[in-house]
Amino acid sequence: MTSSIEASAYLCGMMEKQVRVRFAPSPTGGLHLGGVRTALYNYLFAKKHGGTFILRIEDTDQGRYVEGAEQYIIDSLEWCGIGPDEGPHKGGSMGPYRQSERKERYLKHAEKLVADGVAYYAFDTTQELEEMREKFKSEQNPSPQYNASIRMEMKNSISLPPEEVEKLIIEGMPYVIRIKVPASTNVTLNDMIRGEVTFNTDQLDDKVLLKADGMPTYHLAVVVDDYEMKISHAFRGEEWLPSAPIHVLLWEYLGWKNDMPKWAHLPLILKPDGKGKLSKRDGDKLGFPVFAMDWKDPKTGETTKGFKKMGFLPEAFINMLALLGWNDGSNEEVADIVQLTERFTIERIHKGGAKFDFEKAKWFNGEWIKRSSDAYLLPLVKTILFEKGIQANDEKTLMLIGLVKERCQLLQDFHAQTSYFFESPKVIDSSSVKPKWDDKKNNFFTAWKKTIADLGEWTTEQIENSFKLDAGKHELKTGELQLPLRIMLVGGKFGPPVFEIAQNIGKEETIKRIEFGIKSINELS
RNA sequence: GGCCCGUUGGUCAAUCGGUUAAGACGCCUCCCUUUCACGGAGGAAUGAGGGGUUCGAUUCCCCUACGGGCUACCA
């Protein structure tokens, strides 16, 4: 395995530039499923090719900046086991990794674009822009664009005489810098997933590159940073495809065309029901998480539940995500990060969006719980139990994990599956045994609890033997007595073999629960 | 509205012109177990529609339909 990874890394290094990929979220809130998957594909690709995985924070929108979101993103990636090699928290040779800290660079490049005649200053106010859109709006064209056809009617350094432009700037009139998109030109880009995609520039508008506050928009920042950070392959969601030609144009205008990364526009993760891309609200509505970890909004104080808190193992979470939109063609679905890395290829990423299926996600988690060692699960299970008020020692917990883990899909299930080992059930499902309950059975349990009181050895075998012996004396089959016993000890129809449970909770507790059980069943009308 | 992307069972999906169209989740039946699971054996369920190309199309092309994305001084 290692050798194939090294080999491809070697080949890549020989024939192409060093693989450097980046995950570039904006710190506006919790990290969404789709974001984690994008990060994961970046990670897998980087590791497979011996490359570098970079985290870049796209915080150019001051209005949307949310305190704590950056740290949350970092924590989430770490939890998933896909921590970046370079980033604001780790440093690196091509930082800074926060766009807000690279402000001057964008300005410099934007000015150069203006000087080269491929961008221009625009002085239109928000109101004027609205008026323009209102004026040109029609049934055929509900959202008019700021482009070659109306550029001359607006207030910018192309339509205005140079003296006027100079005057406005000196007066301190706020302005933005817009790209000057050529008219009627085809722009083609080669996407690794979709192949060639062509756009006509008449459909594009003169996107703002530099905002009035001096910050770049995404369009400028992504190009400048990808260039300066020597990004070789750029993964991003499909929602970016329509603006990709703007980026291609910019790579060209900035004179960096030969260094442009290879693009891969990832399919979207869709809502399980209905249509559209999955959003935080869908999770709230449908009862499953959308964020990796719990996210507390600092403004509203509201907490949105994440996969971690929901009881997911990170291994299962990324395993499930990796296969949502990609597969290696084999029938093996459960794979760890190393195996995923070996098998990952961009060619096998799907073109179509995938609906998220929470049931399948839980199945992955169940598989991972079953495959995890008891020792690995120990601290996680202890935390779950502790939160429910159960303080368990390691030895006992370890034993219980082994006993019940195949019955758990979520970490939380360990509580329901083990709580009766720590405390007697508060309520028992008497109604399940009541219909078949009679004096014979009543007498049996009354007698057997006395028998076990005198039992010398409290082993599973001894308990079971005495149970069978007494059953015979009462002319009853052990089979029909096991369910009542289970209900008395566990409270419900679940859990490992009954005699093991009896053995574990001890003689006294067993007798106590039988007494309570008999009483409950008899009292049930 | 325009532009772009997409479309195999309920969901994730294999197939890279010739298959009885895999596999997984979920669902159903049975076995194991007189609990619940795990495990095992089965089952129901898929190529949006229409044209081409071809000896042969799920696979290639076109049209239609449907779905999605974008259309901000947000990313």
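Excluded from the calculations below are hydrogen atoms, water molecules and symmetry mates; all remaining heavy atoms, backbone and side chain alike, are included. Labels below follow one simple rule: chain letters A, B, ... track the order of the sequence lines, proteins then strands, and each chain is numbered from 1.
The separation of B/U46 from B/U53, taken at their P atoms, amounts to 30 Å, rounded to a whole angstrom. B/A45 and B/A13 are spaced 23 Å apart, taking the P atom of each and rounding to whole Å. Annotation: B/A44 and B/C28 have their P atoms spaced 16 Å apart (nearest Å). As rounded to the nearest Å, B/U15 and B/U8 have P atoms that lie 14 Å from one another.
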- Task: Take A/K360 and A/E333 through the test salt bridge (charged side-chain N to carboxylate O under 4.0 Å, His left out) and record every step on the way to the result.
- Result: CA-CA 11 Å; A/K360 183 105 186 208; A/E333 296 192 286; 3.1 Å; yes

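Minimum atom distance to the side chain of A/Q203 is reached by B/C3, of the listed B/U35, B/C73, B/C3. When distances are taken from the side chain of A/L268 to each of B/U35, B/G68, B/C5, the shortest belongs to B/G68.
Between the side chains of A/Y72 and A/E67, not a single donor N or O lies within less than 3.5 Å of an accepting N or O.
Among the heavy atoms of the strands lying under 4.0 Å from A/E406 is at least one base atom, whether or not backbone atoms are also near. No engagement by A/S243 is indicated, since no non-hydrogen atom pair under 4.0 Å with the nucleic acid exists.
Rounded to an integer number of Å, the gap from A/R194 CZ to B/C70 C1' is 13 Å. As rounded to whole Å, 22 Å separates atom P of B/G67 from atom NZ of A/K351. Look at NZ on A/K277: it is 13 Å from C1' on B/C5, rounded to the nearest Å. For A/M154 and B/C73, the CE to C1' distance is 13 Å, given to the nearest whole Å. Across the protein-nucleic acid pair, A/E332 atom CD and B/C12 atom C1' stand 17 Å apart, rounded to whole Å. For A/F356 and B/G26, the CZ to P distance is 14 Å, given to the nearest whole Å. As rounded to whole Å, 15 Å separates atom P of B/U71 from atom CE of A/M132. What separates CD of A/E333 from C1' of B/G23 is a distance of 7 Å, to the nearest Å.
Side chain of A/E130 to backbone of A/Q127: no donor-acceptor contact under 3.5 angstrom is found.
Shown here, B/U59 forms no base pair; nothing in the strands shown gives a Watson-Crick or G-U wobble contact with both key distances under 3.5 Å.
Using the six-membered ring where Trp is involved, A/F344 and A/Y41 have ring planes that are tilted, between 30° and 60° apart.
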